[in-house]
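First comes the structure, then the notes that go with it.
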Number of protein chains: 2
Amino acid sequence: MLRTNTEFLSYIDSLYKDEQLGISLQNFEKDSLLLRQGEKNHRVFVIKEGIAKCFFLEENGKDYILEFMSKGQVLGEIEMIRRIDCLCNVAALTALQVYVIPAATFKELLAKDLMLNKILLEELADRIINTSSRASFQQLYTVEHGLAKLLELQEKQGMEISKEDMAAYLGITLRSLNRALKGL
Amino acid sequence: MLRTNTEFLSYIDSLYKDEQLGISLQNFEKDSLLLRQGEKNHRVFVIKEGIAKCFFLEENGKDYILEFMSKGQVLGEIEMIRRIDCLCNVAALTALQVYVIPAATFKELLAKDLMLNKILLEELADRIINTSSRASFQQLYTVEHGLAKLLELQEKQGMEISKEDMAAYLGITLRSLNRALKGL
DNA sequence: AATCATTTGGGACAATTGTCCTTTTTTTGT
DNA sequence: ACAAAAAAAGGACAATTGTCCCAAATGATT
């Protein structure tokens with residue numbers, strides 16, 4: 001649930017030293033938006049420190065949190081690979097330090113660097129496993145099952161999530177979350 | 001919803017000619033299982049003709065259909081990339097003709113062929129877009145919205161799906177599907 | 001300490017969905 | 001054509017979830 005990718009982090013750490021590539025470090029404060037759903041994007045972020053959330057804002061005003069991202073997670077790469085506008089919003093849940101890779105650099109590496117390709121393939125495959133397992137689980141089990149799983153993960157990661165975010169992660173209302181919490 | 005990938009199909013078409021690679025063609029009859037959730041897998045399939053469904057079978061006995069796959073779609077690649085047992089079941093909805101790529105060949109290509117890497121990255125990125133958008137939509141909108149969208153897609157693809165599969169795709173019971181159909 | 005504003009939790013009712021089981025329709029075999 | 005079997009549809013009730021709104025708790029300000 002809190003995704004990390006140490007391999008990607010050390011890969012990018014070493015690329016950072018090569019000044020040719022124009023990779024920089026940037027800070028975002030808590031609650032700022034790194035990517036805004038539907039807008040153009042021209043860089044790729046890799047989280048060095050902190051936690052972000054990726055979420056859809058649906059037309060009916062409801063949020064759905066896809067993932068919580070931490071060390072070594074890439075942001076904006078899907079948009080770059082598929083040449084589309086931002087799929088979802090990405091917001092900083094804590095202060096963030098991120099590597100920023102310019103579009104040109106990322107595309108060049110994609111076209112030439114087998115190591116990047118390998119790491120990305122593994123990351124995307126993993127996300128598919130996660131996202132699809134979760135979709136299935138959330139559709140076919142009760143909210144209480146989903147909540148129990150979420151609390152377990154949260155415990156294990158030692159991470160605290162606001163109730164609003166928990167509800168958005170489960171795809172339910174706050175009211176239902178409160179009820180489910182009682183029921184445990 | 002009915003995923004295809006013409007680029008992948010022509011790529012594999014040309015690889016097939018190289019006999020060194022040991023890629024073969026195989027037929028599956030309607031309703032047969034290509035991959036069984038939880039079992040080991042040692043090859044990658046690419047659909048040349050026909051339609052398959054990927055679905056989870058949850059412990060409570062319910063099915064959730066992830067995708068309907070057709071021409072040019074890869075099966076088993078995630079398992080190969082992440083070295084895991086089959087994530088879900090894959091069943092033939094129509095008679096199928098598929099290319100079969102041995103594990104060794106696929107891994108070698110992964111390690112050396114930038115073209116394969118590129119095509120796969122684009123395919124996986126696209127699946128993430130699909131799966132996550134759908135998860136969000138299904139969680140945050142009513143069944144009727146989801147059904148309307150499904151019927152629309154089905155119409156557009158000129159594909160017919162059994163009611164049981166429609167329900168499994170929407171993650172609801174047959175009873176609920178029938179009710180929703182009335183409601184339109 | 002008192003007041004106001006903001007956040008958090010829950011009551012009441014309506015709407016949605018699941019479960020179970022019966023009824024209706026379709027298919028199959030003779 | 002008809003009976004038997006199988007598949008599909010729907011009724012009735014229970015459980016779950018959402019909506020709307022109010023009450024309690026918390027926090028900031030004077």
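What you are looking at is a predicted structure, and each value in this text was computed from that prediction instead of being measured.
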Let me know the distance between [atom1] of [X] and [atom2] of [N], rounded to the nearest Å.
X        : N      : atom1 : atom2 : value
B:Gln138 : C:dT16 : CD    : C1'   : 16 Å
B:Gln139 : C:dT16 : CD    : P     : 17 Å
B:Leu177 : C:dG18 : CG    : P     : 10 Å
B:Leu174 : D:dA7  : CG    : C1'   : 10 Å
A:Leu181 : C:dG10 : CG    : P     : 9 Å
A:Leu147 : D:dT16 : CG    : P     : 14 Å
A:His145 : D:dT17 : NE2   : P     : 10 Å
A:Lys163 : C:dG10 : NZ    : C1'   : 11 Å

Evaluate salt bridge (Lys or Arg N to Asp or Glu O under 4.0 Å) for B:Glu7 paired with B:Lys118, printing each intermediate quantity in order. CA-CA 11 Å; B:Glu7 199 182 356; B:Lys118 173 176 174 286; 3.6 Å; yes
With respect to the phosphate group of C:dG18, does any side-chain polar atom (N or O) of B:Thr173 fall under 4.0 Å of OP1 or OP2? yes
Looking at C:dG11, I'd like to know if its phosphate oxygens (OP1 or OP2) sit under 4.0 Å from a side-chain N or O belonging to A:Lys182. no
I want to confirm an ordering. Mapping B:Glu164 and B:Arg175 to their closest nucleotides on DNA chain D, which one lands closer to the 5' end? B:Glu164
Check: A:Phe68 ring centroid to A:Tyr169 ring centroid under 6.0 Å: yes
Looking at B:Lys53 and B:Glu67, is any side-chain nitrogen of the basic one under 4.0 Å from a carboxylate oxygen of the acidic one? no
Just by distance, no angles: are the side chains of B:Glu123 and B:Asn5 close enough, under 3.5 Å, to form a donor-acceptor pair? yes
Has the side chain of B:Arg179 got a donor or acceptor atom sitting under 3.5 Å from an opposite partner on the base of D:dG11? no
Starting at the 5' end of DNA chain C, which residue's closest nucleotide do you reach first, A:Asn178 or B:Val143? A:Asn178
Can you name the closest pair of heavy atoms from A:Leu34 and A:Ala92 and give their distance? CD1-N, 4.0 Å
Across the strands shown, which category fits A:Ile172 at heavy-atom distances under 4.0 angstrom: base, sugar-phosphate, nothing? sugar-phosphate
